[in-house]
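The block underneath contains the structure these notes are about, expressed in structure tokens.
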Amino acid sequence: MERKIQVGILGGTGMVGQHFVKFLQNHPWFDLTWLGASDRSAGKKYREAAQWHLGGDTPASVADIVVDECKPGNAPQLVFSATDASVATEIEQAFAQAGHVVVSNSRNHRMDPDVPLLVPEINPDHLKLVPIQQRMRGWKGQIVTNPNCSTVVLTMGLAPLKPFGITKVIATTMQAISGAGYPGVPSMDITGNVIPFIGGEEEKMQRETQKILGEFQGDGVRDLAAKVSAHCNRVPVVDGHTVTISVELSAKPSEADLMQAFSAYTSVPQERRLPSAPPMPVIYMLQANRPQPRKDVERERGMAVFVGRLRSCPVLDFKFVAMGHNTVRGAAGAAVLNAELMVTEGLLD
Ligand SMILES: NC(=O)c1ccc[n+]([C@@H]2O[C@H](COP(=O)([O-])OP(=O)(O)OC[C@H]3O[C@@H](n4cnc5c(N)ncnc54)[C@H](OP(=O)(O)O)[C@@H]3O)[C@@H](O)[C@H]2O)c1
């Protein structure tokens, strides 16, 4: 890339916004030059507006940027969105209407039929929804979303098995507290405890999985016709969502077929050598007690999903475990990889 592409963050002062700031440091294609937030922060320097929750100090490259309001006008063409869900619908639409490319981490537009819910390894062709979206909404810009943080772990674990015909899935999560933002779950609730409820999470996992693993067919995405049942739990882990998965497959493959599918799985981001793409997006761990969030979550810059413990299931066909970094592969890293794919698809030209 001859010149870096300037990028901004809507909701740059929040928890996910800070993960974007961190992930974009020294990015080879993108230069973070603009930060937007609420009118509580607008007009202040980033270091004053954002209480930095991640390791170290506020990165020097952004510390003195003056935070702007989330209104189109001064922002670069490409903006990542990490705004509060209560305002994301209007803000993202206003930016897309004004010609911006909005790569969003918020849930608001994920299930809109004309908005890609993108995982670059799984459904890069869902970007064909963008011209349909622009035509239907009459805007020059676009909105592209990434999945919920637990959905991305489940779908990356299932993607290598899709050729065998996925018909039923039962997924149980053990989700890290960082997924609840800051200050998140009260310490008195989560320390030494398991909370078997995360509002709206099971419904999101079920519906998003069917859309992500669905097929683009000319004018839209046909959902994967599989039954998906999710059980979502919050556990006292800092980073890394673990998901145990049972799956029924119509082709009735052998365990060796599945092992081969996991170990051979690569896709478009790897072929195109996108800067944030891990060399292998799904890594099978042979040790009987892995993957584990504390030991494995930081590997591959948090961008790979780790699977293991493949074995037969007496109820469905097979069961296994998957684990991935919820704030990297499940949030900021996912959106940045989406934007990299979009650059190579010419969607920023
Ligand atoms: N936390 C996670 O791990 C996670 C994971 C996946 C997805 N998400 C989604 O990502 C989004 C952000 O989550 P978060 O945990 O980072 O929330 P957060 O820490 O509360 O940050 C919210 C951000 O939105 C901004 N904002 C609030 N009201 C606004 C307004 N009226 N106009 C413009 N900006 C406004 C805030 O600016 P101020 O600082 O000025 O208030 C802040 O930058 C949410 O949609 C959430 O559902 C979160």
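Note that ligands are numbered from 1 as they come in the structure, with each ligand's atoms numbered from 1 the same way.
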Near Thr13, which atoms of ligand 1 are under 4.0 Å from a heavy atom of that residue?
36 (C), 37 (O), 38 (P), 39 (O), 40 (O), 42 (C), 43 (O)

Looking only at N/O atoms, are Ala49 and ligand 1 under 3.5 Å apart anywhere?
no

Hydrophobic cluster membership, with links at side-chain heavy-atom distances under 4.5 Å among I/L/V/M/F/W/Y: are Trp34 and Val67 in one?
no

Are Asn148 and Glu201 linked by a side-chain donor-acceptor pair shorter than 3.5 Å?
yes

Can you confirm, on distance only, whether ligand 1 has an N/O atom lying under 3.5 Å from any N/O atom belonging to Ala180?
no

When you measure from atom 19 (O) of ligand 1 to every protein heavy atom, which one gives the shortest distance, and what is it?
Met15 N, 2.9 Å

Asp39 heavy atom under 4.0 Å from ligand 1
no

Just jot down the ligand 1 atoms closer than 4.0 angstrom to any heavy atom of Arg40, in number order.
27 (C), 28 (N), 41 (O)

Nearest to atom 9 (C) of ligand 1, what protein heavy atom do you find, and at what distance?
Asn105 ND2, 3.9 Å

Minimum non-hydrogen distance to atom 23 (C) of ligand 1, winning option of Ala331, Ala82, Ser104, Ser38:
Ala82

Where does the angle between the aromatic ring planes of His100 and Phe95 fall among parallel (under 30°), tilted (30 to 60°) and perpendicular (over 60°)?
tilted

Given Gly330, Gly181, Gly184, which has its nearest heavy atom closest to atom 1 (N) of ligand 1?
Gly181

According to the interplanar angle, ranging from 0 to 90°, do the rings of His27 and Trp29 count as parallel (below 30°), tilted (30 to 60°) or perpendicular (above 60°)?
perpendicular

Any chance the side chains of Asn74 and Asp68 put a donor and an acceptor closer than 3.5 Å?
yes

Of all protein heavy atoms, the one nearest atom 47 (O) of ligand 1 is Arg107 NH1, 4.0 Å

Return yes if some donor-acceptor pair links the side-chain N/O of Asp317 with the main-chain N/O of Leu249 below 3.5 Å, else return no.
yes

Show your working on side chain to side chain contact (heavy atoms under 4.5 Å, CB included) between Leu117 and His126 and close with a plain yes or no.
CA-CA 8 Å; Leu117 179 51; His126 288 201; over 6 Å; no

Considering non-hydrogen atoms of the protein only, which is the closest contact for atom 21 (O) of ligand 1, and what is the distance?
Gly14 CA, 3.2 Å

Within one Ile-Leu-Val-Met-Phe-Trp-Tyr cluster: Met280 and Met303, side-chain cutoff 4.5 Å
no

To the nearest 0.1 Å, how far is atom 4 (C) of ligand 1 from its closest protein heavy atom, and which atom is that?
Val16 CG2, 3.5 Å

Between Arg272 and Glu345, does any NZ, NE, NH1 or NH2 come within less than 4.0 Å of an OD or OE carboxylate oxygen?
yes

Provide, to 0.1 Å, the distance between atom 2 (C) of ligand 1 and the closest protein heavy atom, together with that atom's residue and name.
Gly179 O, 3.4 Å

Are Val119 and Val169 in one and the same hydrophobic cluster, where Ile, Leu, Val, Met, Phe, Trp and Tyr link if side-chain heavy atoms are under 4.5 Å apart?
yes

Where ligand 1 meets Ser41 - atom numbers and elements under 4.0 angstrom, heavy-atom basis
38 (P), 39 (O), 40 (O)

Proximity of Val87 to ligand 1 by residue part, where a heavy atom lies under 4.0 Å
side chain

Would you call Ile122 and Leu213 a side-chain contact if the rule is heavy atoms closer than 4.5 Å?
yes

Among Ile9, Ile91, Thr83, Asn326, closest by any non-hydrogen atom to atom 32 (N) of ligand 1:
Ile91

Which residue and non-hydrogen atom of the protein lie closest to atom 22 (C) of ligand 1, and at what distance in Å?
Asp84 N, 3.9 Å

How does Ala42 reach ligand 1, by side chain, by backbone, by both or by neither, if only non-hydrogen atoms under 4.0 Å count?
neither

